[in-house]
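Okay, structure first, notes after.
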Number of protein chains: 2
Amino acid sequence: MILDVAVRLFSAKGFDGTTISEIAEQAGLPKANVYYYFPTKAVIYERLVSEVLADWDIALRRIDAELPPREALFNYVSDKLEFSRVHGEKSRFFAGELLRGGKFLTRRQKRHVQTVTREACAVVQNWVDQGKCNPINPRHLFIMLWSTTQFYADFAPMATTTLEVSQLRRADFAEAANQIIAMLGLWRD
Amino acid sequence: MILDVAVRLFSAKGFDGTTISEIAEQAGLPKANVYYYFPTKAVIYERLVSEVLADWDIALRRIDAELPPREALFNYVSDKLEFSRVHGEKSRFFAGELLRGGKFLTRRQKRHVQTVTREACAVVQNWVDQGKCNPINPRHLFIMLWSTTQFYADFAPMATTTLEVSQLRRADFAEAANQIIAMLGLWRD
DNA sequence: GTCTATATTCCGATAGAC
DNA sequence: GTCTATCGGAATATAGAC
């Protein structure tokens, strides 16, 4: 409960903008009780970083090497968008951490991300080698997929402005998945 | 000078994490002098939001409708990446503002972004109508281009981890531009 | 315009009763 | 484990001399 409240507040106000008092208040506890469970504000934050990294991990491992590239990436992009839609706070929380330089990320965590990314890139490289898609650098492909899928949740004010809607709905995220896959075949020549 | 220091600090530490004392210190002034030029911290922040929006504007208007789509978008993407590379603090500052819900953006500013975006989308829609590229929704295309080009500066810790480099260099940004354009022609079938 | 000193508020963290 | 009360420090903003 404390962690649920915390991720929402951290994502909306950042580390320094979030106070233990407000976390306690929204969790229906006196401030001292929060300190009973967590020694410092930073420890709460670190716990949340670990949680989000685990989610990230699971999504990347799910890319199906057996499917044709278009279907495999459509599934991945759809899952990522759905996660962003349902867990917008988590997505924004992690984006905020990266934006501030990733100071709370341990070397161990970065190495882990590197390993998982490398495996996912190998799958794409195989597709390229087998002539199933045009040659590109898989690392840059994943950067494109991550950034685009997260944009809708992380930078929602710009997404709604661009799409000229008052609020992003389920259908907007579904449309985004289709469009992302379509744009990977933009060129006609 | 105050504004230069402020954008760097805001981008690294966020609104609440940035103190007037530190702005003053890094600008080589006593704290009271900052208050002589700006009544509150929020006013400094708002001035910076306006400045960054002006840059955003200029880049979008520069898309050349006369060029073939591939060249026009390559130029746009290259310019955006170069801006992110050279003015990383501005890029991160604005990303932070959007991440926190865009509370400092006025309705007027949003409407302006909408107008400029609509014009850029019209250029792309013309390409589609003339059969110069495959049919996609231009709004989602710009979301993809914005998010991807900004990722390298905004989420640098993840970009370096993914690319397995210790620091992003000029060449990495140049390579990103080429890869983004290449990935818009990923599908072979 | 520039600076020192300070008022005021609020936050992170703790002490200690129950 | 739960709560009230409070300490120590730091931040925004201002007062007022030069």
Side-chain angles (χ1 to χ4, degrees), chain A residues 1-52 89-90 92-106 109, chain B residues 1-52 89-90 92-106 109:
Chain A
M1 186 61 191
I2 290 173
L3 289 171
D4 292 336
V5 169
V7 73
R8 195 174 65 238
L9 286 171
F10 280 136
S11 71
K13 306 184 172 193
F15 184 81
D16 295 291
T18 299
T19 67
I20 301 283
S21 305
E22 201 175 356
I23 292 176
E25 193 184 332
Q26 293 200 13
L29 295 168
K31 192 167 57 164
N33 287 31
V34 175
Y35 279 105
Y36 175 77
Y37 291 106
F38 298 94
T40 65
K41 186 163 79 163
V43 168
I44 303 178
Y45 192 91
E46 285 160 8
R47 265 284 295 275
L48 292 171
V49 169
S50 299
E51 281 191 15
V52 176
E89 334 81 36
K90 280 192 178 187
R92 281 186 290 274
F93 168 80
F94 191 57
E97 170 55 16
L98 293 177
L99 206 56
R100 303 297 171 233
K103 295 186 192 71
F104 281 88
L105 288 171
T106 66
Q109 288 172 321
Chain B
M1 187 59 193
I2 290 174
L3 290 171
D4 292 336
V5 170
V7 73
R8 197 174 63 238
L9 285 171
F10 280 135
S11 72
K13 306 185 171 193
F15 184 81
D16 295 291
T18 299
T19 66
I20 300 283
S21 305
E22 202 175 355
I23 293 176
E25 193 184 330
Q26 293 199 15
L29 295 169
K31 194 168 52 165
N33 288 31
V34 176
Y35 279 105
Y36 175 78
Y37 291 106
F38 298 95
T40 65
K41 188 163 77 163
V43 168
I44 302 179
Y45 192 91
E46 285 160 9
R47 263 285 294 275
L48 292 170
V49 169
S50 298
E51 280 192 16
V52 176
E89 335 80 37
K90 281 192 178 188
R92 282 187 289 275
F93 168 80
F94 190 57
E97 170 54 16
L98 293 177
L99 207 56
R100 304 296 172 235
K103 297 187 193 68
F104 283 88
L105 288 171
T106 65
Q109 287 171 323

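Below, read A as the first sequence line, B as the second, and so on, with proteins coming before strands; counting in each chain starts at 1.
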One thing to verify: whether Lys13(A) and Glu22(A) come together as a salt bridge, which I'm taking to mean a side-chain N less than 4.0 angstrom from a carboxylate O. yes
Length of the line joining [X]:[atom1] and [N]:[atom2], which is rounded to integer Å:
X	N	atom1	atom2	answer
Glu25(B)	dA11(D)	CD	C1'	14 Å
Tyr45(B)	dT12(D)	OH	P	15 Å
Asn33(A)	dA5(D)	CG	C1'	14 Å
Leu29(B)	dT2(C)	CG	P	8 Å
Ile20(A)	dG9(D)	CD1	C1'	16 Å

Which of the following nucleotides, [options], is nearest to the side chain of [X]?
X	options	result
Tyr36(B)	dG1(D), dG1(C), dC3(D)	dG1(C)
Tyr37(A)	dT4(C), dA13(D), dG1(D)	dG1(D)
Thr19(B)	dA11(D), dC3(C), dC11(C)	dA11(D)
Ser21(B)	dT12(D), dG1(C), dT4(D)	dT12(D)

Classify the nucleic acid contact of Phe38(A) as base, sugar-phosphate or nothing, counting any heavy atom under 4.0 Å across all strands shown. nothing
Which part of the nucleic acid, if any, lies within contact of Lys41(B), taking any heavy atom under 4.0 Å across all strands shown: a base, the sugar-phosphate backbone alone, or nothing? sugar-phosphate
Does Thr18(A) reach the main-chain N or O of Leu9(A) with its side chain, forming a donor-acceptor pair under 3.5 Å? yes
Tyr35(B) vs dA15(D): side-chain N/O to OP1/OP2 distance below 4.0 Å: no
Nearest-nucleotide comparison on DNA chain C, the residue closer to the 5′ end among Gly28(B) and Lys31(B): Gly28(B)
Side-chain touch Glu97(B)/Tyr45(B), heavy atoms, less than 4.5 angstrom: yes
Could you label the plane-to-plane angle of the Phe15(A) and Phe104(A) rings as parallel, tilted or perpendicular, counting under 30° as parallel and over 60° as perpendicular? tilted
